[in-house]
Visitor: 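The structure follows.
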Amino acid sequence: MNIVFLVFAILITGLFLFLPVYKDKKARFADFPQQWRDILSKNVPMYNVLPEPLKLQLHLLINSFLHRKKFYPCQDLVMTDEIRVTIAGQACILLLNRKTDEFAKLKSVLVYPAAFIAAHTSVDENGLVSIEQKGLAGESWGTGKIVLSWDDVQKGAMDIGDGHNVVLHEFAHQLDSADGSTNGAPVLSSANAYKSWAKVMSKEFAVLQQNQQHHIRSVMDDYGATNPAEFFAVVTETFFEKPKQLKQRHPELYDVLAQYYHVKPDEWQH
């Protein structure tokens, strides 16, 4: 009787472990609706310049993303496939050609119709605590959530060459925090990769800070000079939206990002 119970327990455990894997695989390789392709073509111009093999890969990633992540409308927003596919399409561009489990820590995406108000606490050098209310286009939380403004999602996606894309920015923060610390250094493949990353990123971060202090314009947004985490998010936006300019002006920075993301956006026809 004990043996029968043991076998039964093993079978149930195996089924419990196998079922999510089966469902994930089924969702990943499900047909990608023409309606979703049309949404991407209309709302995410970067999709239109991707080589065909990357488009097909992106479809699989989007399928998995939409299966695993929950979307929640905020305020009076009505959640639609257009919103979900537009956000997932941009986020999953960061996953092309990479072995990944699709933003493992992320559980949910909260979407507001427009910029939302968030309270941020800061402490000055004298220890004085202040709370500031800010209108934000997006925010990445370490608790498995991303918050986005749908209005800013659309604006960021439509201009493929301005270097500003709130989805790329906030999901870069998710990649950065995968190791438990949001510090501008995502999970890399080797000790040598970390060494090269630290050398190039710290040098370029210092250059951007100096440019900001002296009011010298850069191909990257000055917001990247805030801290290393914001620098990584900003250079990610620049890498995908202004790749040729970044490669020309900051070739080392472009190279370490190309090694990390496993794509070369400068070869796409912007």
Side-chain angles (χ1 to χ4, degrees), residues 46 90 93-94 115 117-140 148-149 151-153 155-177 181-186 188 193-261 263-268 270:
M46 192 177 296
Q90 295 171 81
I93 285 174
L94 301 182
I117 304 298
H120 286 266
T121 303
S122 62
V123 183
D124 66 16
E125 58 185 12
N126 297 316
L128 181 64
V129 178
S130 60
I131 299 177
E132 182 180 4
Q133 301 285 336
K134 290 184 176 181
L136 300 178
E139 194 168 44
S140 176
L148 296 167
S149 152
D151 183 48
D152 289 285
V153 166
K155 290 177 181 177
M158 287 307 296
D159 193 336
I160 196 172
D162 67 350
H164 296 285
N165 184 300
V166 66
V167 176
L168 297 182
H169 185 104
E170 300 306 334
F171 278 87
H173 282 315
Q174 285 291 313
L175 294 176
D176 186 8
S177 64
S181 177
T182 308
N183 57 9
L188 302 175
Y194 278 105
K195 185 177 180 180
S196 299
W197 182 275
K199 179 182 177 181
V200 173
M201 298 294 275
S202 58
K203 182 183 75 173
E204 295 287 354
F205 177 56
V207 170
L208 184 61
Q209 285 187 312
Q210 292 175 1
N211 287 345
Q212 182 193 43
Q213 292 171 4
H214 294 90
H215 305 289
I216 299 173
R217 294 191 64 182
S218 169
V219 67
M220 294 165 278
D221 191 280
D222 284 349
Y223 187 62
T226 304
N227 56 52
E230 295 300 344
F231 181 70
F232 171 58
V234 166
V235 297
T236 292
E237 294 176 88
T238 310
F239 175 72
F240 283 98
E241 291 212 340
K242 303 168 78 173
K244 293 179 181 178
Q245 298 97 310
L246 185 67
K247 186 175 183 179
Q248 180 180 12
R249 302 180 194 179
H250 303 270
E252 288 184 316
L253 180 57
Y254 179 90
D255 285 344
V256 296
L257 290 168
Q259 290 170 19
Y260 173 68
Y261 282 115
V263 291
K264 295 182 178 180
D266 69 301
E267 297 176 356
W268 305 342
H270 278 57

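Residue numbers start at 1 and run along the sequence shown.
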Visitor: For the pair His169 and His164, evaluate side-chain contact (heavy atoms from CB on, under 4.5 Å) and give the outcome as yes or no after the intermediate values.
Guide: CA-CA 8 Å; His169 185 104; His164 296 285; over 6 Å; no

Visitor: Do the side chains of Glu230 and His173 get nearer than 4.5 Å, heavy atoms only?
Guide: yes

Visitor: Calculate, to the nearest 0.5 Å, the distance between atoms CD and NE2 belonging to Gln209 and His214 respectively.
Guide: 12.0 Å

Visitor: Would you say the side chain of Asp255 lies within less than 4.5 Å of the side chain of Val200, judging by non-hydrogen atoms?
Guide: no

Visitor: Side chains of Ser218 and His250: closer than 4.5 Å at any heavy-atom pair?
Guide: yes

Visitor: Quick one: OG1 on Thr236 to CD on Glu170, what's the gap to the nearest 0.5 Å?
Guide: 11.5 Å

Visitor: For the residue pair Trp197 and Gly184, what are the closest heavy atoms and their distance?
Guide: NE1-O, 3.0 Å

Visitor: Which residues pass the salt bridge (Lys or Arg N to Asp or Glu O under 4.0 Å) test with Lys155, not counting sequence neighbours?
Guide: Asp151

Visitor: List the steps, then state whether side-chain contact (heavy atoms from CB on, under 4.5 Å) holds for Tyr223 with Thr226.
Guide: CA-CA 6 Å; Tyr223 187 62; Thr226 304; 3.4 Å; yes

Visitor: Check whether Ser149 reaches the backbone of Ala137 with its side chain - one donor and one acceptor, N or O, closer than 3.5 Å.
Guide: no

Visitor: Write down the atom of Pro186, the atom of Phe232, and the distance for their closest heavy-atom approach.
Guide: CG-CZ, 4.0 Å

Visitor: Relative to each other, are the rings of Phe239 and Tyr261 parallel, tilted or perpendicular (30° and 60° limits)?
Guide: parallel

Visitor: For Leu168 and Met46, work out which heavy atoms get closest and say how close.
Guide: CD1-CE, 4.5 Å

Visitor: What distance do Leu94 atom CG and Tyr260 atom OH have between them, rounded to the nearest 0.5 Å?
Guide: 8.0 Å

Visitor: How close do Ala233 and Ala172 get, heavy atom to heavy atom, and via which atoms?
Guide: CA-CB, 3.9 Å

Visitor: Mind checking salt bridge (Lys or Arg N to Asp or Glu O under 4.0 Å) for Lys203 and listing every partner two or more places apart, or none if nothing turns up?
Guide: Glu252

Visitor: In Å, rounded to the nearest 0.5 Å, how long is the span from CE of Met220 to OG1 of Thr238?
Guide: 6.5 Å

Visitor: If you measure from NZ on Lys247 to CZ on Arg249, what distance do you get to the nearest 0.5 Å?
Guide: 15.0 Å

Visitor: Quick one, Trp268 and Val263 - any side-chain contact, counting heavy atoms below 4.5 Å?
Guide: yes

Visitor: Check the pair Phe231, Leu208 against side-chain contact (heavy atoms from CB on, under 4.5 Å), reporting the backbone distance first and the verdict last.
Guide: CA-CA 9 Å; Phe231 181 70; Leu208 184 61; 3.8 Å; yes

Visitor: If you apply the rule side-chain contact (heavy atoms from CB on, under 4.5 Å), what do you find for Phe205 with Val235, and how did you get there?
Guide: CA-CA 10 Å; Phe205 177 56; Val235 297; over 6 Å; no

Visitor: Between Gln212 and Ala225, which heavy-atom pair has the shortest distance, and what is it?
Guide: OE1-CB, 3.6 Å

Visitor: Minimum heavy-atom separation for Thr182 to Ser177, with atom names?
Guide: OG1-CB, 3.1 Å

Visitor: CD of Glu139 to CG of Leu148: how many Å apart, nearest 0.5 Å?
Guide: 10.5 Å

Visitor: I want to check something: taking the side chain as every heavy atom from C-beta on, are Asp221 and Glu237 in contact at a cut-off of under 4.5 Å?
Guide: no

